Amino acid sequence: MSAISTSPANGTRLAGLDGLRALAITLVLAYHLFPGLAPGGFLGVDIFLVVSGYLITALLIAEHRLEGRVRLRRFWARRARRLLPALIVVVGLSASVAALIGGDILVGIGWQLAGALTFSSNWWSIANGSTYLDQTSPELFRHFWSLAVEEQFYLLWPLAVIALLALPLRHLRVALPVALAVASAAAMALLAGDPAIDPAPASAAYYSTLTHGFGLLLGAGLAVAREPIAKRASVTRVPRWAADAAALLSVLGLVALSVVLSIDSVATYQGGLVAAVLLTGVLIVSAEHPRGSAATVLDAPLPRWLGERSYGLYLWHWPVLMLLGAALPFVDRGGPQAWLLGLGALVISIGLAALSYRLLEQPVRQRRVRAIVATWPRPRRVVTVVASGLALAGLVAGTATAVVRAPAQSEAAAFIAAGQAALDAAAAQPLRIPLSERAPVDGTAAKLATGDQIVAIGDSVMLAAAPQLQARWPGIAIDAVVSRQMRQAPEIVRSLAARDALRPIVILHLGTNGSIDPSTLAEVRSIIGPDRQLVLVSAQAPRDWIPVVNSHLFAFAADYRDVVVADWRRAIAPQLNLLARDQVHPGSAGGRVYASAVESALLYLASLPELIDYDENPELWRPR
């Protein structure tokens with residue numbers, strides 16, 4: 001992602017940094033394109049940030065040492081030439097294709113475009129309540145938040161470097177960015193809270209330049225401490241074997257963190273990302289060793305090729321994935337098909353990034369466009385200018401069309417709103433259940449629960465299916481809230497019990513938004529007591545924790561006679577077209593499938609033979 005050249009002002013190339021960028025983009029691609037492969041692969045962005053902070057500071061220091069000043073206008077012009085051409089093409093082409101597809105992919109496209117083109121995406125996301133933790137939301141330019149953080153740093157940090165270099169003591173110059181980095185990391189840890197309970201504070205801390213700037217600042221502090229352009233010889237004091245060992249351990253540590261961290265874990269915000277930043281710093285220092293092997297490995301042809309094109313890859317991969325998902329809405333993004341979708345996005349993104357690097361980024365950055373065009377015959381120059389103008393006009397028209405066609409809310413949001421409206425209407429007009437609507441008194445159906453015997457606790461999926469649950473079981477009590485998780489269930493059930501609002505059958509659907517702990521299920525069952533039955537609804541969502549959640553639900557139900565799973569996942573899997581495009585929330589037809597899955601579970605409970613108390617009925621006991 002980092003778009004800074006690895007060659008500073010005096011022509012000395014900074015070793016291994018293209019390979020570092022290759023590692024960073026590989027982790028990001030694994031995280032976004034292949035669900036479950038690297039749950040913590042988002043830390044690749046933090047590797048990018050450290051590299052950017054290190055490089056920009058090294059370049060500015062080198063320029064100051066060579067010329068006695070920092071030419072701000074020239075610096076910002078270089079950044080604009082490097083960043084803007086590819087960015088404009090990605091934004092314009094992606095928005096134009098999205099306009100052709102239509103639907104959810106266009107929701108919020110106006111503020112996303114404003115953020116992308118002004119490098120303020122992170123603040124727009126915070127203002128609009130966008131959450132990075134929701135990986136199913138089809139925001140076309142969500143990944144631009146990190147570009148915004150970098151560009152805001154590029155705008156302000158050169159001014160700080162000028163002031164920093166005026167300080168008389170070198171240790172003070174180092175201490176200042178490091179202290180700011182510590183403050184930024186501490187602020188993230190304090191403000192993020194528990195993302196599994198409330199993702200909003202964690203997302204705000206993740207997006208904010210102030211709380212997610214510690215990688216940039218630590219990289220800057222490292223550059224000031226080492227002044228790598230002028231004092232590279234100091235690295236030789238470290239034995240070669242130590243530098244190589246540190247590099248290897250750092251890479252292994254980063255890969256390990258990409259496996260164990262998750263975006264909804266407290267540990268990520270309270271030390272996980274800081275650990276990734278520190279390991280990146282160690283890797284940068286290790287790669288500088290003149291006799292070490294780290295730089296040789298990192299500068300191998302493949303990592304270097306990938307690192308040089310990492311900016312284009314970062315720009316393209318997310319919009320390509322989102323557009324493929326929007327164009328193929330019924331591909332199951334929660335199963336093996338998701339990897340095929342990711343593989344297609346990877347191939348397309350690599351091709352587009354390679355073309356962008358060769359035909360656009362390099363010529364513009366090296367200011368070779370005019371020289372190249374001057375060698376062409378006049379007819380070719382005229383055709384190229386006209387074609388370029390038409391292409392630019394097409395991108396502008398396509399982008400404008402995307403804004404005009406954007407719906408006010410997503411399909412999922414509409415389904416959830418309809419469910420909430422149904423609950424509000426039921427609360428305003430308490431329903432008496434006519435005798436004719438109660439279950440008939442024959443066979444198993446005689447014991448089938450009626451609405452006044454059921455309390456249902458759930459998340460936004462149950463909320464979307466609420467109208468169909470109410471239609472099937474008039475009088476059912478539904479307590480469903482967006483983004484709710486299983487760990488909140490015991491408190492909710494206790495509250496209902498305290499108000500004498502628990503009914504004979506409790507339905508629980510809280511596995512959509514995060515992992516679950518079997519001990520939570522045991523606690524819920526303990527609270528509802530032995531006289532009530534528990535229905536657990538399996539989860540359906542294109543998220544990597546869903547299989548584990550469902551395995552816990554089935555394992556728990558297998559241990560108890562009065563607990564059963566309503567297999568919503570299995571019921572809806574063959575007909576994902578009945579869900580919103582996020583493949584999570586049901587519409588009216590999907591809601592009926594949801595109600596049928598619950599009914600199947602209730603029929604199973606109704607078919608259970610009654611337990612016999614042999615102490616009270618000794619005559620029923622017969623020895624074999």
Side-chain angles (χ1 to χ4, degrees), residues 1-8 10-30 38 40-41 43-59 61-62 174 178 181 215-216 218-259 272-311 313-314:
M1 177 183 63
S2 174
I4 304 174
S5 169
T6 56
S7 298
N10 66 353
T12 302
R13 188 173 180 279
L14 299 179
L17 293 179
D18 278 327
L20 259 174
R21 289 192 285 222
L23 172 62
I25 193 63
T26 298
L27 293 176
V28 171
L29 293 175
L43 64 80
V45 170
D46 292 271
I47 298 176
F48 276 129
L49 295 178
V50 178
V51 171
S52 294
Y54 182 77
L55 274 173
I56 189 175
T57 307
L59 294 173
I61 291 174
V174 174
V178 172
L216 289 160
L218 187 70
L222 183 61
V224 175
R226 302 193 62 76
E227 296 193 13
I229 311 306
K231 300 187 178 182
R232 293 177 64 86
S234 63
V235 186
T236 58
R237 299 174 184 173
V238 179
R240 172 183 172 179
W241 67 266
D244 289 346
L248 177 60
L249 291 174
S250 296
V251 171
L252 293 177
L254 289 168
V255 173
L257 286 174
S258 75
V259 173
L273 294 179
V274 172
V277 163
L278 293 174
L279 289 171
T280 304
V282 173
L283 190 51
I284 289 174
V285 174
S286 302
E288 279 191 342
H289 199 291
R291 297 189 305 275
S293 303
T296 302
V297 174
L298 291 171
D299 283 334
L302 180 58
R304 187 168 180 177
W305 187 94
L306 191 61
E308 288 172 341
R309 290 153 185 81
S310 60
Y311 177 58
L313 268 172
Y314 188 82

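Just so we're clear, the structure is a prediction, and the values are computed from it rather than from any experiment. One-based numbering along the sequence shown. Scope of the values below: all heavy atoms of this structure, side chains included, with no hydrogens, waters or symmetry mates.
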Can you name the nearest heavy-atom pair linking Leu218 to Ala181, along with the distance? N-CB, 3.9 Å
Take Leu222 and Ile284 through the side chain to side chain contact (heavy atoms under 4.5 Å, CB included) test and state the conclusion after the steps. CA-CA 9 Å; Leu222 183 61; Ile284 289 174; 4.1 Å; yes
Qualifying residues under side chain to side chain donor-acceptor pair (under 3.5 Å), relative to Thr57, sequence neighbours excluded: Trp157
Output the distance between atom CD (Glu288) and atom CZ (Arg226), rounded to the nearest 0.5 Å. 5.0 Å
Tell me if a side-chain donor or acceptor on Arg304 pairs with a main-chain N or O of Asp299 at a distance below 3.5 Å. no
Do the side chains of Val277 and Leu273 get nearer than 4.5 Å, heavy atoms only? no
With a 4.5 Å heavy-atom cut-off, do Leu278 and Val274 have their side chains touching? yes
Salt bridge (charged side-chain N to carboxylate O under 4.0 Å, His left out) contacts in which one or both residues fall within residues 274-283, not counting sequence neighbours: none
In residues 243-257, what donor-acceptor pairs under 3.5 Å come from side-chain atoms, sequence neighbours left out?
unit_1: Asp244; atom_1: OD1; unit_2: Ser293; atom_2: N; d: 2.8
unit_1: Asp244; atom_1: OD2; unit_2: Ser293; atom_2: OG; d: 3.3
unit_1: Ser250; atom_1: OG; unit_2: Ala246; atom_2: O; d: 2.7

Heavy-atom pair with the smallest gap, counting every atom of Ser258 and Leu43: N-CD2, 3.6 Å
To check you understand the geometry: which heavy-atom pair defines the closest contact between Val28 and Val45, and what is its length? CG2-N, 3.8 Å
Value for CG (Leu23) from CG (Leu283), rounded to nearest 0.5 Å, stands at 7.5 Å
Ser52 versus Leu216, closest heavy-atom pair with distance: CB-CD2, 3.9 Å
Mind running side chain to side chain contact (heavy atoms under 4.5 Å, CB included) on Leu17 and Tyr54 for me, showing each step along the way? CA-CA 10 Å; Leu17 293 179; Tyr54 182 77; 4.3 Å; yes
Shortest non-hydrogen separation from Ala22 to Pro303 and the atoms involved: CB-O, 3.3 Å
Between atom CG of Leu313 and atom CD of Glu308, what is the distance when rounded to the nearest 0.5 Å? 12.0 Å
First locate atom CZ of Arg21, then atom CG of Leu306, and finally report the distance between them rounded to the nearest 0.5 Å. 11.0 Å
To the nearest 0.5 Å, tell me how far Arg291 CZ sits from Trp241 CH2. 13.5 Å
Identify the two heavy atoms, one from Ala24 and one from Gly44, that lie closest to each other, and give their separation to 0.1 Å. CB-O, 3.3 Å
Supply the atom-to-atom distance Ile25 CD1 to Tyr311 OH, rounded to the nearest 0.5 angstrom. 12.0 Å
Applying side chain to side chain contact (heavy atoms under 4.5 Å, CB included), run through Asp18 and Leu298 and close with a yes or a no. CA-CA 7 Å; Asp18 278 327; Leu298 291 171; over 6 Å; no
Side-chain heavy-atom pair Ile56, Leu59 within 4.5 angstrom cut-off: no
